[in-house]
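Only a predicted model underlies this, so the values are computations on that prediction, with no experimental measurement involved.
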Amino acid sequence: MSEARRTIILKVDCEKPERKKIELAADVIRRGGLVAFPTETVYGLGANALNSEAVRNIYLAKMRPMDNPIIVHVARREDVYRLAIEVPEEAEKLMRYFWPGPLTLILKASEIVPRITTGGLDTVAIRMPRHKVALALIEASGTPIAAPSANLAGRPSPTMAEHVIQDLYGRIDVILDAGPTNIGVESTVIDLTFNPPQILRPGGVTYEELKSVLGKVRVHPAAVSKSEVHIEKARSPGLKYRHYAPKAETIVVEGEFDAIVKKVMELARKHIGEGKRVGILATDESLREYGLGVVKSMGSRSDLSSIAKNLFKLLREFDDEGVDIIIAEGLPQDGLGLAVMNRLRKAAGYNIIEAK
Ligand code: TXA
Ligand code: MG
């Protein structure tokens with residue numbers, strides 16, 4: 001088990017990160033410690049990606065299964081050529097279009113990457129985040145930084161430093177707090193060892209954007225599935241674990257908007273009738289329809305980016321308020337909706353109801 005650690009929390013300016021604070025955190029990374037830091041997607045829990053012992057401590061602090069590989073964050077493109085042995089043309093194109101940004105590339109790993117970082121795979125996941133604090137930290141550390149989301153395994157990803165504190169205070173060395181993250185869902189993970197490239201996890205860069213740059217791109221069936229899909233171990237181990245799970249039982253209601261609202265209402269009444277505390281994850285368009293339960297809006301259906309930004313925070317809020325059951329409205333799957341629905345379905349353990 002990971003021993004108790006004294007956790008230092010440092011507030012950092014997200015536009016002009018204070019040098020001294022970044023240097024302090026970078027020093028912790030260089031000495032093999034654990035630093036939580038903001039990215040444009042969610043907060044990450046970082047360690048020196050090339051130091052096996054440091055990376056091992058990430059798994060312990062998060063209580064993450066050791067076969068679930070970790071994304072390596074870089075601040076310079078040159079590092080990709082040290083971490084990967086093959087960088088296909090498509091990868092270079094994607095880096096030009098989307099880096100820094102919420103896109104993670106899966107490439108064949110070079111031998112400088114410890115196998116604990118790749119969860120035992122011969123591929124490595126690499127991304128360059130679009131956040132000044134993250135980039136400053138990686139540069140100052142002088143090493144690529146391995147960082148999964150900074151939550152306890154299975155919990156919703158952290159979009160604010162407060163979430164990191166909830167899950168990891170006393171288990172890690174430093175938390176850099178630069179306020180809420182911008183995108184709110186994690187990066188898109190795309191496997192370039194496949195032809196055509198395959199999206200393993202939908203995220204901040206959309207399918208439509210990738211398609212317009214690459215021409216051809218596939219989506220792994222598990223990423224869009226409405227039920228648990230058996231995953232070959234050798235592909236993306238992360239796909240097989242329960243994720244983003246609030247403590248409350250969660251149901252997603254999918255279908256046409258009007259039918260969804262009717263069904264959510266019916267389910268809410270039924271569960272309240274059974275004496276349960278019900279949370280409803282609604283949208284701005286439906287917020288006023290439900291006069292019962294604890295109702296929260298994810299944002300407007302016409303602005304899926306606002307919904308992506310709020311989702312994980314709201315799942316945690318329902319937990320804090322101790323609801324017994326969360327009933328969530330399904331959303332359109334275009335743009336960021338694909339990533340949001342992927343997270344919602346997983347949070348619900350694929351407990352999906354079709355509204356007719
Ligand atoms: O936005 C993000 O990606 C955030 C920030 C901190 O960068 N990070 C993040 O990391 O979400 P994590 O560990 O929570 O999710 C990484 C995902 C997992 O599903 C993992 O299985 C997959 O990427 N992954 C990592 N390396 C892989 C590899 N070599 N092959 C296939 N999948 C891989
Ligand atoms: Mg995660």
V224 vs L338, test: side chain to side chain contact (heavy atoms under 4.5 Å, CB included). Steps then yes/no.
CA-CA 8 Å; V224 286; L338 192 67; 3.6 Å; yes
G204 and V185: which non-hydrogen atoms are nearest, and at how many Å?
N-CG2, 4.3 Å
Carboxylate-amine/guanidinium contact R316 D320, below 4.0 Å
no
Determine the minimum heavy-atom distance between I22 and A136, stating which atoms define it.
CG2-O, 3.6 Å
Side-chain contact, heavy-atom cut-off 4.5 Å: P129 with T41?
no
Same apolar cluster: V213 and Y207, side chain cutoff 4.5 Å:
yes
If you define the side chain from C-beta out and look only at heavy atoms, does anything of T283 sit under 4.5 Å from F257?
yes
Does a side-chain heavy-atom distance below 4.5 Å link L214 with I190?
yes
Using salt bridge (Lys or Arg N to Asp or Glu O under 4.0 Å), reason through R345 and E254 one step at a time and then give a plain yes or no.
CA-CA 10 Å; R345 287 167 173 170; E254 300 190 17; 2.8 Å; yes
Electrostatic pair K16:D13 at N-O distance under 4.0 angstrom
no
Can E186 and R343 be counted as an ion pair, charged N to O under 4.0 angstrom?
yes
May I ask you to test the R277-V294 pair for a side-chain heavy-atom distance under 4.5 Å?
yes
Would you say I199 and M95 are hydrophobically clustered, going by side-chain heavy atoms of ILVMFWY under 4.5 Å?
yes
For E111, is the CD atom crowded, meaning more than 12 foreign heavy atoms sit under 6.0 Å from it?
no
Do you know the tightest heavy-atom contact between V55 and A146?
CG2-CB, 4.2 Å
Residues E266 and K263 bridged, charged N to O under 4.0 Å
yes
Locate the shortest heavy-atom distance separating A47 from A54; write the atom from each residue and the value.
CB-O, 3.8 Å
Can we say E92 and R77 salt-bridge, meaning some charged N sits less than 4.0 Å from an Asp/Glu carboxylate O?
no
Under a 3.5 Å threshold, yes or no: a donor from one side chain and an acceptor from the other, between S300 and S302?
yes
Is any side-chain heavy atom of I8 closer than 4.5 Å to one of D173?
no
pair P196-V217: side-chain heavy atoms closer than 4.5 Å
no
Just checking, is any N or O donor in the side chain of E209 or T206 under 3.5 Å from an acceptor N or O on the other one?
yes
Can you tell if the side chain of I327 reaches within under 4.5 Å of the side chain of L281, non-hydrogen atoms only?
no
E40 and salt bridge (charged side-chain N to carboxylate O under 4.0 Å, His left out): which single residue from R130, K309, K132, R127 fits?
R127
Looking only at heavy atoms, the pair that brings V164 and A36 closest together is CG1-CB, 3.7 Å
Is the shortest distance from a Lys or Arg side-chain nitrogen in E329 or R301 to a carboxylate oxygen in the other one below 4.0 Å?
yes
Would you say I325 and I260 are hydrophobically clustered, going by side-chain heavy atoms of ILVMFWY under 4.5 Å?
yes
With salt bridge (Lys or Arg N to Asp or Glu O under 4.0 Å) as the test, would you mind laying out the steps for R76 and E139 before giving the verdict?
CA-CA 8 Å; R76 308 176 306 187; E139 267 162 25; over 6 Å; no
Is V264 linked to Y350 within one hydrophobic cluster, defined over Ile, Leu, Val, Met, Phe, Trp and Tyr using a side-chain heavy-atom separation of less than 4.5 Å?
no
Can you check whether M128 reaches L135 side chain to side chain, under 4.5 Å on heavy atoms?
yes
Worked verdict on S187 versus R201 for side-chain hydrogen bond (donor to acceptor under 3.5 Å, both in side chains)
CA-CA 8 Å; S187 63; R201 177 178 74 181; 3.3 Å; yes
Whether over 12 other heavy atoms sit under 6.0 Å from Y97 OH:
no
Salt-bridge contact K11-E18 (side-chain N to carboxylate O under 4.0 Å):
no
CZ (R218) with more than 12 external heavy atoms under 6.0 Å
no
Check ion pair D167-R155 (N to O, under 4.0 angstrom)
yes
Between P158 and S149, what is the shortest heavy-atom contact and its length?
CD-CB, 4.1 Å
Whether R82 and D79 form a salt bridge (side-chain N of Lys/Arg under 4.0 Å from carboxylate O of Asp/Glu) is what I want to check.
yes
E89 atom CD: more than 12 heavy-atom contacts under 6.0 Å
no
I'd like to know if K296 and E321 make a salt bridge, using a cut-off of under 4.0 Å between side-chain N and carboxylate O.
yes
Between E23 and R30, is a salt bridge (Lys or Arg N to Asp or Glu O under 4.0 Å) present by the stated rule, with each step listed?
CA-CA 10 Å; E23 274 305 330; R30 278 192 299 266; 3.8 Å; yes
If you draw a 6.0 Å radius around CD in E208, do more than 12 non-hydrogen atoms from other residues or ligands fall strictly inside?
yes
Show your working on salt bridge (Lys or Arg N to Asp or Glu O under 4.0 Å) between E53 and R56 and close with a plain yes or no.
CA-CA 5 Å; E53 197 48 42; R56 209 176 107 79; 3.7 Å; yes
